Amino acid sequence: MYGSIRVVRFLEQDEVQDGESDVLSRYEQFINPGLARVLRFMGLGAVENTGQGAMVITESGEEYIDCAGGYGVFIPGYQHPRIVARAQAQLAKLSLSSRVLLNRPMVELAEELARLTPGDLQYSFFCNSGAEAVEAALKFARIQSGRSRIITTTGAFHGKTFGALSVSGRATYRQPFTPLVPDVVHVPYGDFEAMAAVTDEETAAVIVEPIQGEGGIIVPPDSYLPRIRELCDKTGALWIADEVQTGLGRTGRLFAVEYAEVVPDYLCLAKALGGGIVPIGAVVGRPSAWGFFDSQPLIHTSTFGGNPLACAVARETLRVIVEEKMPERAADLGLWFLPRLGDLQARYPRVLTAVRGRGLMIGLEVPHPGVGGAIMAELFQRHILAVYTLNNERVIRLIPPLVITQGQLQEVLTALESTLEVVDAQVEDLVAE
Ligand SMILES: Cc1ncc(COP(=O)(O)O)c(C=O)c1O
C-alpha cells in the first residue's frame, strides 16, 4: 500500500538488550569489524552500564576498577554527583546556544579558566574535543604570527583530524593519509638542542605536551619547557602546550606546565574538562596571541563549541577539582603508588622493564607488545581496566580517576602482582610471537 516506500520500525530499547556477547556481535555488524575481532581476541566483551567514583559497572553487575579512565576523561570519577546535578539543571533550562544571544555559562567558564590558568592566559575558544582544540591552536598560531612552520615532536599525540594528525608522531596513523598539512617539522621529544636547531624567525609555533601521554608517558628533563619558552620568546614563535591529557590535576598540579613555572601562548584542554559527563575542548590564549580576532572575529568558529550545557558542566568540574583538592590527591597517591610499582618492576624485570610518571599519570613499560597484551588481558580477568598508549604499544598506562582510593590502588597492585607472575611464566612464548 506504500508502493516502493520501505516501512521500517525502530527497535524499542528493551528489544535490543540481549546478552552482552550480542553487543560485541553488533559491533562487528554495525560499527567496526576489525575492532570487534581485537576485542574478542583479548576477551573484552563486557558492556558498560554505569559508574561511580573509580568503578565502572557492567550490565551484568560486574565491577571494574578503571585505570584507563576513559583515556583520561574521568578525573573527577564517574557520575560525580555535583557535576551530574549541574548538568541536569542546565539540561532542564538550555543545552545549546542560539548563537545570537549572549551565552552566560560560556563566559563564566572562560572567566574561571582565566583565573585558574597560569600567568596572563586570559581568552578562551571553545570546541568539542582535544583534536579540535589543537586544530584551533595551530590555526591561531599561523594567523597570529603570519608564518607557517610548525615544530612538533616524535611520539607526540595531538589527535587524528588532519592538522592534529600532521603534528602527531606515529607513522602508522599518519602514513595512509599523506600528504598531510605541509611545513611541519618533527624533532625528538625532550631534546631541546634538536628543537633549537630548527626553530627560527620563520616558525609559527612549537607544539609540545608537558609530559608525552600517548608516546609512552615520557617525562622530559626539568629544563625542557623553560628553554622552549625562552626559544619562542627569542624567535617570535608561539608555544602551544597541549594539556589535553596532562591538564586538570592529572600530574599532581592543576596544569602540568606549573611544574616548570612557564606560561605557554596557547594552552589546549579537553578530556577531563567535561567532568566525565560531556565532551568539550578549549584553547586558552594570552592577549599577545589573540590579536587576530580583533579584525576577524569569525575567522574560526564551531556550531556546538561553547554550548551552555558543556560550559556549565565544565565550570562545575573545575570547581569540584579545585575544591576537592584533586591535584594534591593525585600528587600524594602517585608518591605512594609509584615506588610500590617500582618494587614490582624489580621483582619481575623480564615482563616489566620500567615504571615512570608523575601524579596519577603512570606508564608501565614492557619488553614486547605481546607481553603488554597479556598483562592487560590478565588484569581484565582480575577486574582492572588498563590500556596501552596509542603511539607506543610497549607502554601500558595507568590514568585512573583522581577520586580513586588508596585501598583501590592496593587492589590494583595485588592484581598486578599475580598478573606479572602468570605472564612471567609465559614470557618466552609471548616475546617470540
Ligand atoms: C595530548 C593529547 N592531545 C590531543 C588529544 C586528542 O583528543 P581527542 O581524542 O579528544 O580528539 C589527545 C587524546 O588522547 C591527547 O592525549
Side-chain angles (χ1 to χ4, degrees), residues 35 66-75 125-141 150 152-170 172-174 177 181 184 186 189-190 205-220 224-225 228 239-251 255-257 264 266-284 302 304-305 310 313-314 317 357-363 386-393 395-400:
L35 177 66
D66 186 3
C67 287
Y71 291 167
V73 304
F74 290 109
I75 277 185
F125 169 81
F126 295 110
C127 51
N128 312 286
S129 68
E132 277 179 77
V134 168
E135 293 290 335
L138 294 172
K139 287 180 68 185
F140 294 178
I150 312 280
T152 185
T153 57
T154 48
F157 187 85
H158 298 292
K160 288 181 179 163
T161 53
F162 259 101
L165 185 64
S166 303
V167 294
S168 290
R170 187 173 180 189
T172 313
Y173 296 136
R174 295 163 49 83
F177 304 104
V181 172
V184 171
H186 286 76
Y189 184 74
V206 166
I207 180 164
V208 170
E209 298 160 80
I211 294 177
Q212 252 188 7
E214 305 297 332
I217 317 291
I218 314 288
V219 184
Y224 189 51
L225 300 183
I228 289 178
W239 175 29
I240 303 168
D242 182 347
E243 291 239 30
V244 166
Q245 190 158 162
T246 53
L248 305 176
R250 167 69 52 206
T251 67
F255 302 100
V257 290
Y266 300 110
L267 183 89
C268 297
L269 295 171
K271 291 195 190 277
L273 189 59
I277 307 283
V278 293
I280 181 170
V283 182
V284 191
S302 159
F304 288 137
V313 166
T317 300
R358 192 170 266 172
L360 285 181
M361 183 169 184
I362 293 172
V387 285
Y388 56 68
T389 53
L390 271 179
N391 282 356
N392 188 344
E393 290 175 9
V395 177
I396 299 171
R397 66 180 131 177
L398 304 178
I399 47 170

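We count ligands from 1, going down the list as the structure has it; atoms in each ligand are counted the same way. Keep in mind that this is a model prediction, so the values were computed, not measured.
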Are any non-hydrogen protein atoms located under 4.0 Å from atom 8 (P) of ligand 1?
yes

Is the count of non-hydrogen atoms from other residues, nucleotides or ligands lying under 6.0 Å from Tyr388 atom OH greater than 12?
no

Give a yes or no on whether Tyr173 atom OH has more than 12 heavy-atom contacts from other residues, nucleotides or ligands under 6.0 Å away.
yes

For the CD atom of Glu135 and the CG atom of Leu165, what is their distance to the nearest 0.5 Å?
9.0 Å

Among protein heavy atoms, which sits nearest to [atom], and what does the distance come to when rounded to 0.1 Å?
atom	answer
atom 10 (O) of ligand 1	Gly130 N, 2.8 Å
atom 16 (O) of ligand 1	Gln245 NE2, 2.8 Å
atom 3 (N) of ligand 1	Asp242 OD2, 2.7 Å
atom 11 (O) of ligand 1	Ala131 N, 2.8 Å

Could you tell me, atom by atom, which parts of ligand 1 come under 4.0 Å of a heavy atom of Glu209?
1 (C)

Under 4.0 Å to a heavy atom of Glu214 - the qualifying atoms of ligand 1, by number:
14 (O)

Among His186, Glu209, Gln212, which residue meets the side chain to side chain donor-acceptor pair (under 3.5 Å) test with Thr153?
Gln212

Examine distances only and state if a side-chain atom of Asn391 and a backbone atom of Glu214 form a donor-acceptor pair shorter than 3.5 Å.
no

When you measure from the side chain of Arg250 to the backbone of Leu360, do you find a donor-acceptor pair of N or O atoms at a distance under 3.5 Å?
yes

Polar contacts were defined as any N/O atom of the residue lying under 3.5 Å from an N/O atom of the ligand; does this apply to Lys271 and ligand 1?
yes

So is Val134 polar-close to ligand 1, meaning N/O to N/O under 3.5 Å?
no

Could you check Thr152, Leu225, Val167 and say which one makes a side chain to side chain contact (heavy atoms under 4.5 Å, CB included) with Val208?
Leu225

Within less than 4.0 angstrom of ligand 1, does Phe157 place any heavy atom?
yes

